[in-house]
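So the structure is just underneath, and the comments pick up after that.
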Amino acid sequence: GAGVVLAALSVVAGILAARHATFPGDARVSAAVRGLGGAFAPVAYVFNELNVAITVIVLVGTVIALLARRRSDFALVIGMLVMLRPLLSIAKAWVGRQRPSGDFEMLDVVTNSSFPSGHVMTSVVTWVPLLLFARVLVPPRLVWPLRAVAGGAVVLTAVSRMWAGVHWFSDTWGGVLWA
């Protein structure tokens with residue numbers, strides 16, 4: 001049931017993003033994030049530039065840990081999530097939303113459309129399995145710390161993409177919904 005609701009929300013968000021350059025609040029949130037300034041640069045570097053390396057390490061490590069604990073069913077779920085990544089190209093082509101412009105200097109080189117955020121979609125697919133399978137992966141005392149790291153990584157990825165000037169707030173939430 002939740003999957004159907006999320007799928008419907010994804011389609012609705014995509015239709016709205018295709019028709020509107022921004023959503024209410026996008027410019028305000030983006031300006032606030034850009035206001036973090038250079039102090040945020042090291043964090044943004046990790047979540048913007050090291051995204052692929054982190055994704056591979058976390059996904060492979062999670063699958064290995066699950067297989068070591070004889071949870072091939074959970075490892076298969078991660079495999080199915082990774083197979084969703086091609087939907088990103090379809091969604092971006094379908095929506096065709098332009099990247100932020102005007103007062104926002106882009107600190108990253110991008111050529112495709114803005115909605116949904118591929119970095120955020122990848123982050124969700126990478127880190128949410130750790131949220132879901134934390135009890136299987138770590139001792140009970142480490143479940144909540146692992147969940148905090150996983151949730152924080154998704155949030156920091158979204159903030160990093162807005163900080164780099166390549167996404168609106170709604171693009172980042174589009175990435176969450178599409179994932």
Restricting to non-hydrogen atoms, name the atom on [X] and the atom on [Y] that form the minimum distance, rounded to 0.1 Å.
X      : Y      : answer
Ser170 : Phe115 : O-CE1, 3.5 Å
Val11  : Trp94  : O-CH2, 3.6 Å
Gln98  : Ser114 : O-CB, 3.5 Å
Trp163 : Ala44  : CE3-CB, 3.3 Å
Pro116 : Gly175 : CB-N, 3.5 Å
Ala164 : Arg34  : C-NH1, 4.3 Å

Measuring from Leu81:CG to Thr122:OG1, what's the distance to the nearest 0.5 Å? 11.5 Å
Quick one: pull up CE in Met83 and CD1 in Ile78 and give me the separation to the nearest 0.5 Å. 14.0 Å
If you define the side chain from C-beta out and look only at heavy atoms, does anything of [X] sit under 4.5 Å from [Y]?
X      : Y      : value
Ser160 : Phe40  : yes
Asp26  : Arg28  : no
Val46  : Leu156 : no
Arg161 : Asp171 : no
Arg99  : His167 : yes

Donor-acceptor pair, Ser123 side chain versus His119 backbone, under 3.5 Å? no
Single-linkage hydrophobic cluster, 4.5 Å side-chain cutoff, [X] and [Y] together:
X      : Y      : result
Leu177 : Val5   : yes
Ile15  : Phe169 : yes
Met121 : Leu50  : yes
Val155 : Tyr45  : yes
Val154 : Val29  : yes

Compile the donor-acceptor pairs under 3.5 Å between side chains in residues 51-68 and protein atoms, sequence neighbours left out, one pair per line.
| residue | atom | partner | partner atom | Å |
| --- | --- | --- | --- | --- |
| Asn51 | OD1 | Thr55 | OG1 | 3.1 |
| Thr55 | OG1 | Asn51 | O | 2.7 |
| Thr62 | OG1 | Val58 | O | 2.7 |

For [X], side-chain contact (heavy atoms from CB on, under 4.5 Å) partners two or more places apart:
X      : value
Val149 : Trp127
Ala158 : Val120, Thr172
Trp144 : Arg147

Applying salt bridge (Lys or Arg N to Asp or Glu O under 4.0 Å), name anything that partners Arg69, two or more places apart in sequence or on another chain. none
Decide yes or no on side-chain contact (heavy atoms from CB on, under 4.5 Å) for Val159 and Val43, but give the supporting numbers first. CA-CA 10 Å; Val159 171; Val43 176; over 6 Å; no
With a 3.5 Å cut-off and sequence neighbours excluded, list the donor-acceptor pairs that the side chains of residues 131-142 form with protein atoms.
none

